[in-house]
Amino acid sequence: MDVEISLRVDGAEHRLVVDTRTSLLDALRERLGNTSPKKGCDHGQCGACTVLLDGRRVNSCLALAVAHQGAQIVTAAGLAQDGALHPMQESFIRHDAFQCGYCTPGQIVSAVGMLDEARAGWPSAVTPDFASSNVSADGGGSGVLVEDEIRERMSGNLCRCAAYANIVPAVKEVAGR
Amino acid sequence: MTVTARAMGEVIDRIDGPDKVRGVARYAFEQPLDHPAYLYPVQSTIARGRIIGIDCRSASSTPGVLMVLNQYNAPRTNIPAGQGELNILQSDRVAFRNQFVAGVIAETSEIARHAASLVRLEYQEEPHDVELHGDRDDFWVPSAASAQFPMELDKGDVDAVLTSAPVRLDRVYTTARQYHNPLEPHTTAALWSEDGLTLYVSTQGVSGIRDVVTALFGLDPGRVRVVSSNVGGAFGSKVHANPDVVLTLLAARMVPNRPVKFALTRQQMFSQAGYRPPTVQRLQIGAERDGRIMAFSHSSTSATSKLVEYAEHCTRPTATIYAAPNLRTRQLVTSLDVPTPCIMRAPGDCPGMFAIECAMDELAVECGIDPIELRIRNEPEIHPASGLPFSSRNLIGCLQEGAQRFDWEHRDPKPRARNELGWLVGTGVAASTYHALQQSGSMATIRADPDGRYTVLIAAADMGTGTWTALTQVAADALGVPVGSVDLRIGDTAYPNASSAGGSSGIASWGAVICEAAGQLRDRLGRGGSIPRQGLEVTARMPENRYASQYALHSFGAQFAEVRVNAETGEVRVPRLLGVFAAGRIVNPKTARSQLLGGMTMGLSMALHEEGVLDPRFGHVVNQDLATYHVSSNADVGDVEVHCLDEDDPYVNPMGTKGVGELGIVGTAAAIANAVYHATGVRIRDLPITLDKLVAW
């Protein structure tokens, strides 16, 4: 069955017709031609399709497009505005935090979403004190995420080229600003 | 000719970086094609037998379905010798479970996938044989044709020394079935029109794909164009054409003038894209009490499919790494009703060096010698098998530099000596080596324009390795111009033929032919000559390396691991890895470091996580996704330090490079296994090192 929906993607309004079986990822890639989010597993296991959906990071392969009528979506292509790269994108280049580039847009969107979560005080599995809202502190309240927090919070995004040892400092540098 | 390094050695950010961080670099499936059709395969549900009936009625009548491809209506193909895996939809035979047996072409991917589930097949099933056991009696010596080293090596009297040596070691090591799992699945888009065939494929070599496609369909190579500008990881699985490319072509042939797109699902990647086969290896070492090796014997067995012979050549590094007056290697293979394995990052050398380097650690323990000192004592003067001198060899330098950086001096060799709050801590070391390979057959064109810009054309590949950047640096130095004056064009058969990105040979091969073309161009221009108004273009062929027969060409490294093993649960963590490498000239220290640390991290993943589990009842791998086939995630990896020694090698190629794509994964798993032994006193000889193997203490 086909349904007409509207999506706001990287600031632009789109009306499109989708099959009710179409994932948000396929709607972006195959219907709208926005191939910034990548399809690595189509099962929510690799994170390459990560987008910000109404401000929060999600695996767009696990979302059905019809369930998100009117949603605001930001992809890595939309993080770069007016020709300037987002600080996270610049940091990824500076730290060579990728090789093939296929997981990269998802990593970057995920990192941006993750920092918002940390700023909002959301704990992770490695946060020592779950009751504390001060999860972004390195113990001294400096506001810099400790590396283990970054590793844990970024583990939903697989990188088979295995640039993790570069991704962590790339994210940390932006987190410290 | 040796090229003077100006750009080479400089840290340059990836040229393709700004596109990749925004996600706008286009991969094969993402080419803007007009009104594409989508393909979805039907896979066999038996491991061996014949198809005796196929019912496509319900699939064919589904609205939006263009066609159901099967063995009766698919175009016929000419399968090149040794490419039996590509023989799909040509007969009623089924050679492994999940083989492609039909395909649905439809208006959308959703329709194609649903309709494929409606195709009904009836089989006459035959008993299948899918398990590798060491006690099988049907092993044979694999063909050496593609191996570049002897399958059987005999030097001296190994058996006599093994029975009389003061220290004797006899161990069996096994490695698991491992899958490449590049994040970008294998993808193809094909358009077959009156103008010819255009293919967008995620591949390590467009020229090789074109050659296979022209052979399969009897086409004029001039009418086939293969494009692959960006590749989302490969690690060996995309070096050859796989059945998904053939299925896409069969489909495109049936819907002329309509692009057909096909991407394997992650699950399909576990039956269609090759894998590193499990290995069973036996190491026998006879040594003096001071650790000097008297005899070394290494045998390795693996299994291939019934379609193509592929052997995991674990004995390839054996003759290179240590001096052994008596030396024997044996390589054996058998065939099973399984998909065909293929090369995966450091094929042979990676699992082979796991066994060798664990055995060396065991020998060090037996002799009561430090494992670094043991390796130094067994350093060969010349290549132990060929007798050739090494063009350069800095294994000892790597071990010593690494020892210093890792504070090896203060290591207590006693196992299970450090317990930090319930975590047993240990450290381990292992050596790395890989051959410095150059592949023949590449060509390159360089065009000089009067504005001082140079365009370099070669059908090379960048699957994340950094070719876009590093090869531009090579070309700039070959031409004697700044990097900014060079426009590199790769990944398209519209450019001159190039060898595939495999065997860590990319820069060595493509760089050498670019240096040749640049030399010819500069000769034509003459000293101080200006570029003519109409420009100047030169096309060169790959020169032969005359030193290749005079020297043994290899890279080396030393890897150090610190592990923490939970004393209660057996959980293994790797807080620190260090790799010190001697790999000739490093063209771009930034991208080369990423390749090496990526290799080491994949080695960590091999050591602790990766194992495709085969269900012998059905013949398929059950954990066929990224949730159940775990590859290292960010939280699995700690500090990874990479250091490259300065190494000047005038013999390998004009740039002095040795390749760094594979060296980094060789030895990591052994360093970790040796560290696990040091931490716990438990020797695990069977990868991966999972906690169930450690909690039996």
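In the text below, chain A, chain B and the rest are named by the order of the sequence lines, each starting its count at 1.
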Are any non-hydrogen side-chain atoms of Phe29(B) and Glu30(A) less than 4.5 angstrom apart? yes
Measure Ile93(A) against the heavy atoms of chain B and call it side chain, backbone, both or neither at under 4.5 Å. both
Contact part of Ile111(B) toward chain A, heavy-atom cut-off under 4.5 Å: side chain, backbone, both or neither? both
Here the pair of heavy atoms bringing Ala162(A) nearest to Leu597(B) is O-CD1, 3.4 Å
Non-hydrogen side-chain atoms of Asn634(B) and Asn157(A) separated by less than 4.5 Å: no
What part of Thr187(B) gets closer than 4.5 Å to chain A, counting heavy atoms only: side chain, backbone, both or neither? neither
Looking at chain A, which one of Lys590(B), Arg26(B), Glu110(B), Arg593(B) has the largest number of heavy-atom pairs inside 4.5 Å, strictly under? Glu110(B)
Tell me which of these, Pro185(B), Ser109(B), Pro32(B), has more heavy-atom pairs under 4.5 Å with chain A than the rest. Pro185(B)
Heavy atoms only: give me the nearest Tyr102(A)-Tyr27(B) pair and the separation to one decimal. N-OH, 3.5 Å
Which heavy atom of Gly23(B) sits nearest a heavy atom of Lys38(A), and at what distance? O-NZ, 3.4 Å
Donor-acceptor pair, distance only, cut-off 3.5 Å: does the side chain of Ser155(A) make one with the backbone of Ala635(B)? yes
Does anything in residues 258-275 of chain B reach chain A? List residues with heavy atoms under 4.5 Å apart, or say none. Lys261(B), Arg266(B), Gln267(B)
So what's closer than 4.5 Å to chain A heavy atoms on Val631(B): side chain, backbone, both or neither? both
From the list Cys161(A), Ala163(A), Cys103(A), the residue making the most non-hydrogen contacts under 4.5 Å with chain B is Cys161(A)
Honestly, the part of Asp26(A) sitting under 4.5 Å from a heavy atom of chain B is side chain
Check each atom of Arg29(A) against the heavy atoms of chain B and say whether the ones under 4.5 Å are side chain, backbone, both or neither. side chain
Is any side-chain heavy atom of His114(B) closer than 4.5 Å to one of Arg21(A)? yes
Among Glu147(A), His95(A), Gln107(A), Arg94(A), residue most engaged with chain B (heavy-atom pairs, under 4.5 Å): Arg94(A)
Could you state the interatomic distance from CG (Asn588(B)) to CG (Asp96(A)), rounded to the nearest 0.5 Å? 7.5 Å
Asp2(A) atom CG, over 12 foreign heavy atoms within 6.0 Å: yes
Spell out, as yes or no, whether a donor-acceptor pair under 3.5 Å connects the side chain of Tyr164(A) to the backbone of Thr601(B). no
Honestly, the part of Asp42(A) sitting under 4.5 Å from a heavy atom of chain B is side chain
Which one, Met463(B), Gln595(B), Arg345(B), leads in non-hydrogen pairs under 4.5 Å with chain A? Gln595(B)
Can you say whether Ala627(B) sits under 4.5 Å from chain A via the side chain, the backbone, both, or neither, judging by heavy atoms? both
Heaviest contributor of heavy-atom pairs below 4.5 Å to chain A, chosen from Thr591(B), Asp462(B), Val637(B), is Val637(B)
Does some side-chain heavy atom of Cys41(A) sit less than 4.5 Å from a side-chain heavy atom of Asp625(B)? no
Residue pair Arg151(A) / Asp639(B): nearest heavy atoms and the distance that separates them: NH2-OD1, 3.7 Å
Residue pair Met602(B) / Arg160(A), side-chain heavy-atom distance below 4.5 Å: yes
Does any backbone or side-chain atom of Leu79(A) lie under 4.5 Å from a heavy atom of chain B? Answer side chain, backbone, both or neither. neither
Suppose a student defines contact as a heavy atom less than 4.5 Å from any heavy atom of chain A. Which residues in residues 13-21 of chain B would they list? Asp13(B), Arg14(B), Gly17(B), Pro18(B), Lys20(B), Val21(B)
Let me know if Ala80(A) has heavy atoms under 4.5 Å from chain B in its side chain, its backbone, both or neither. side chain
Is there a side-chain contact between Ser594(B) and Phe98(A) in this structure, where contact means two heavy atoms from C-beta onward sitting under 4.5 Å apart? no
Rounded distance (nearest 0.5 Å) linking atom OG1 of Thr75(A) with atom CZ of Arg22(B): 10.5 Å
